[in-house]
Structure formats: C-alpha cells, structure tokens
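What follows is one structure encoded as structure tokens, with my remarks underneath.
Counting begins at 1 with the first residue of the sequence. Since the structure is predicted, the reported quantities are computational estimates derived from the model, not experimental observations.
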Amino acid sequence: MCRSVCVLALLVLISPTAEALDNGLALKPTMGWLHWERFMCNIDCDKDPNNCISERLYMQMADVMVKEGWKEAGYEYVCIDDCWPSHQRDAQGRLQADPKRFPGGIKKLADYVHSKGLKLGIYADVGKNTCAGYPGSLGYYETDAQTFADWDVDLLKFDGCYMDWTLVGEGYVNMSKALNKTGSSILYSCEWPLYEWKFKQPNYTAIREACNHWRNFADVYDSWSSVKSILEWTASHQDIIVPAAGPGGWNDPDMLVIGNFGLSHAQQESQMALWAIMAAPLLMSNDLRDICPRSKELLQNRHIIAISQDPLGKQGYRTAKVDSFEVWERTLSQNRLAIAVLNQQEIGGPRGFVIRAAPGWKICNPQCEVTQILPQYKELGVQTLHTKMVVSVNPSGTTLLTVTPIGSDITGLNKLYWRDLSVKRKHTTTL
C-alpha cells in the first residue's frame with residue numbers, strides 16, 4: 001500500500017485580534033449537560049413522563065450529576081434547550097415556562113439546581129421564533145435578558161432561526177449588550193457563525209467580543225458520520241477559527257453524544273479525545289440516569305478533562321494526514337503537548353502508527369516523557385526524537401498521548417499553526 005503523507009505548512013498563529021467578551025466567564029471550556037440531541041422536543045408528558053421536556057427531567061439530571069460524580073469531575077451546567085416555553089408571552093411581554101411541564105417556573109428550577117451546587121442554562125432565539133416554533137426574542141432582547149437575570153439563570157444558549165441572516169450579527173450583539181446590562185453573570189452561548197457561513201465568512205473578531213462560545217457547523221447527530229463531518233469541517237476551516245479561541249471564548253463543535261446509541265466505544269473515545277484537543281465545550285447530551293459504565297468512565301476521565309481544561313487555553317488542530325491516520329495536536333501548559341492519532345479506517349483491526357511521524361514530536365529533542373491516556377492509561381516512559389515506538393489505534397478510534405519534553409522548550413510551538421495543504425500537495429512526500 002502506498003503510504004502518502006500530507007505535508008502541512010507552518011504559519012505564525014496570530015493571537016486573537018479582539019478581546020474576549022468581558023464578563024469573566026468561560027475562562028476554560030464550559031462543561032455540563034444539555035438536553036437537545038437525546039431528548040429533542042419531546043413535550044408529551046402524558047405518554048412519556050420520564051423523558052419529556054419538563055422540570056422533572058432537569059431536576060433528576062441535577063440529582064444524578066451530584067450523586068454519580070459528574071459535578072466532581074467538572075460538569076457544572078444543567079442546560080435547557082428548545083421547547084420549554086409557553087407559546088404565548090405573559091401580559092407584561094415576558095417569556096414564561098409551559099405551566100403544565102414547568103409548574104414551579106424557571107426561577108424555582110434554578111433555585112433547585114443551585115441548591116445542588118450546579119448552574120442552570122436556558123435557551124432562546126435571536127429571531128421571531130425558536131427553531132421549534134416557540135416565541136423568539138426579536139424585539140424583546142432587553143426584556144428577555146432581564147427575565148433570565150430575574151430567574152437567576154447562569155447560561156443562555158441563543159439560537160439563530162427565523163431571522164434575516166443579514167441581521168443575525170446585530171441581533172447577537174444586541175443580546176450580548178442586554179445580558180451585560182443586567183449585571184448578572186450569564187454565560188452567552190451563540191450560534192452566530194453557523195447562520196452566516198452559508199452566505200459569507202463570519203467576523204470572528206466581533207463574535208469573540210460578543211460571545212463566550214459559538215457554534216460554527218451543523219448539529220451533531222448520534223452517528224459516527226456526523227462526528228466525522230464536524231471534525232472535517234473544523235480541520236478545513238482551522239486557519240480561520242482556531243485563532244479566535246481562547247480563555248473567555250471558544251469554538252463549539254456541538255454536544256457530546258457519548259453514552260447514547262450510535263457510536264461504538266472506540267468512536268466515543270475519538271469524540272471525547274478530539275473535543276478535548278479542540279478545547280471545545282464539553283456539553284453532554286445523553287441520559288445520565290441510565291448510561292453504560294464504560295461511557296461514564298470515559299466522560300469522567302480526569303486525564304482527558306485535564307487536557308480539555310488546560311489553563312493555557314490554546315485550541316488544538318489537525319497537523320497531519322498519514323496513511324488514513326489523522327494527527328491532531330494541542331499545546332498545553334508546563335511545556336507539554338497533547339497528541340491525538342485518529343485511525344480513519346473502519347475495517348480490519350488495530351493499526352500501528354509510528355509516533356515520530358507526528359509533526360509535534362520534534363519537541364522530543366533530545367528526550368521526552370510520554371503518557372498514553374487512551375485507549376488505556378499507560379506510562380510509556382522516556383522517548384527520543386528518533387524513537388521507533390509504535391502506538392496501536394483501533395478502527396475509527398483514537399490514541400491520545402501527552403508529551404513532556406526533557407531538556408528542551410516548546411515555547412515556540414505556542415506560536416506555530418499548521419495549515420492543511422493536503423489538496424495542493426497530496427502526494428509530495430511518502431514514508
């Protein structure tokens with residue numbers, strides 16, 4: 001088999017040209033639980049009381065997050081998505097929760113979640129309606145922001161349906177200003193670039209100034225093809241989106257679907273590893289009341305979470321494509337590097353990858369200490385620049401490593417950015 005290597009050009013990674021949204025939030029990628037992918041717009045509480053969008057669902061998730069170690073692992077937000085409101089605003093023009101499914105109202109639910117030491121997220125839309133047809137915030141930005149503040153909500157996911165795309169940016173900025181005006185600490189999760197990419201390249205300077213994180217691409221589904229499409233979009237646009245990310249503002253590739261139905265365990269490991277490399281928000285959408293032990297162990301893996309939450313706050317990116325492998329790398333604090341090797345083949349058994357083929361391996365000059373995080377934790381000891389070490393990678397799985405140089409400094413890597421030239425130089429180099 002011909003083993004081609006896509007050579008990736010080295011560019012200076014320009015620091016974000018704009019300051020992050022100045023609300024002191026999301027200094028590390030957000031961690032929590034969000035209902036949408038798993039529970040969608042299930043509002044039939046008569047037929048399905050355990051899984052419908054109701055205050056009971058969020059209270060139960062909050063209970064489990066405390067009882068089963070999720071809070072201790074770092075997951076802190078319990079987030080409501082679409083389909084929570086009544087179809088009509090109240091007499092004062094304020095949003096109100098569906099009275100049958102949320103009889104206590106959102107303020108009471110927020111108090112309950114807070115009593116568990118967790119935070120509550122809510123959903124609204126920049127346009128005249130939400131994506132599911134409930135009242136949107138167009139014309140009510142200040143009213144809705146103050147309503148959320150009065151309810152002691154901690155996060156707002158703000159969607160972009162039913163809005164002229166040319167006005168989307170203005171709407172997101174106006175809600176950002178309205179939230180800040182309340183004086184409350186409300187993390188602002190936007191979908192601004194998602195609704196502009198079809199028409200033009202979004203202005204990430206403006207987005208970073210307004211939002212704490214932002215969706216760029218299509219909704220995640222409970223399938224490997226969906227996760228792959230998100231990774232490919234991210235890699236093909238990384239020269240644009242990676243420079244915008246950092247403490248206070250993050251690219252959001254959408255929810256973790258680990259613990260559901262569509263991914264093999266190896267594919268779940270790939271999503272977890274690569275979301276950590278991408279410094280993505282870790283917002284699970286699953287049923288924490290009934291999750292398989294292996295998925296729970298993966299989601300609570302403290303070594304992966306440490307990569308995700310690394311205080312340096314540098315987003316990682318794809319640095320190489322080698323013989324149906326992808327290499328993704330992220331610069332970490334304390335002169336360390338995280339390397340994820342994804343096996344794109346979906347046939348056969350585990351394949352070996354010579355780790356020195358990873359572009360970032362040059363930090364092992366003269367030596368480095370290597371730890372394997374996935375698929376099993378393993379101390380791999382001291383390695384050299386010219387090591388012959390081969391890591392095994394399962395089909396559609398990922399092997400995740402951390403590398404600490406001995407006697408060298410990777411400070412320079414903090415300013416390096418790899419741009420994919422694989423289309424132009426597809427067969428220029430072979431191993």
Side-chain angles (χ1 to χ4, degrees), residues 21 23-41 53-66 70-71 74-85 95 97-98 101-102 104-126 130-132 134 136-137 144-160 172 175-176 178-180 182 184-192 210-215 219-220 248-250 252-256 280-288:
L21 172 59
N23 61 4
L25 301 173
L27 299 181
K28 297 179 181 180
T30 307
M31 295 178 63
W33 179 90
L34 176 64
H35 95 240
W36 183 255
E37 194 285 324
R38 179 61 184 262
F39 296 94
M40 301 186 69
C41 195
I53 306 309
S54 68
E55 66 182 25
R56 176 182 177 182
L57 179 68
Y58 305 100
M59 293 168 78
Q60 289 181 347
M61 291 301 167
D63 291 343
V64 173
M65 285 176 71
V66 174
W70 300 99
K71 175 188 171 185
Y75 296 94
E76 62 175 338
Y77 287 88
V78 180
C79 298
I80 306 168
D81 208 285
D82 207 344
C83 305
W84 65 269
L95 291 170
D98 182 278
R101 294 182 285 116
F102 294 84
I106 301 300
K107 178 64 169 69
K108 182 179 177 181
L109 178 57
D111 290 344
Y112 185 87
V113 170
H114 293 158
S115 76
K116 301 293 180 178
L118 299 168
K119 298 177 180 179
L120 183 71
I122 204 164
Y123 169 99
D125 192 286
V126 71
T130 72
C131 297
Y134 291 84
S137 293
D144 290 352
Q146 190 58 55
T147 298
F148 298 146
D150 292 343
W151 289 343
D152 290 331
V153 165
D154 303 289
L155 178 151
L156 172 63
K157 175 181 175 180
F158 209 43
D159 215 334
Y172 276 100
M175 179 53 95
S176 181
L179 290 171
N180 282 345
T182 69
S184 296
S185 294
I186 300 177
L187 192 153
Y188 188 32
S189 175
C190 300
E191 307 212 352
W192 176 352
C211 306
N212 291 120
H213 38 85
W214 47 86
R215 286 274 311 284
D219 288 1
V220 69
W250 310 97
D252 181 4
D254 210 6
M255 297 160 278
L256 294 168
L282 301 183
L283 292 171
M284 307 174 289
S285 191
N286 49 24
D287 190 344
L288 298 177

* Structure fact -> Partner of Thr130 under side chain to side chain donor-acceptor pair (under 3.5 Å), picked from Asp82, Asp125, Asp81, Asp159, is Asp82
* To do: Using atom types as modelled and distance alone, determine if a side-chain donor or acceptor of Asn212 lies under 3.5 Å from a backbone N or O of Gly248.
  => yes
* State whether the number of non-hydrogen atoms from other residues, nucleotides or ligands found under 6.0 Å of Lys108 atom NZ is greater than 12. => no
* **Ala110 backbone acceptor or donor facing Trp151 side chain under 3.5 Å** => no
* Qualifying residues under ring pair (Phe, Tyr, Trp, His ring centres under 6.0 Å), relative to Tyr112, sequence neighbours excluded -> none
* With a 4.0 Å cut-off, would you call Lys116 and Asp63 a salt bridge? -> yes
* Value rounded to 0.5 Å, distance of CG in Leu283 from SG in Cys79 -> 5.5 Å
* **Any Trp33 side-chain heavy atom under 4.5 Å of Tyr58 side chain** => yes
* Can you name the nearest heavy-atom pair linking Thr30 to Leu187, along with the distance? -> OG1-CD1, 3.4 Å
* Structure fact -> Taken to the nearest 0.5 Å, the spacing of Ser176 OG from Trp192 CH2 works out to 8.5 Å
* **Taking every non-hydrogen atom, the tightest pair across Tyr188 and Tyr172** => OH-O, 2.8 Å
* Asked: Which heavy atom of Cys83 sits nearest a heavy atom of Ala132, and at what distance?
  -> SG-CB, 3.6 Å
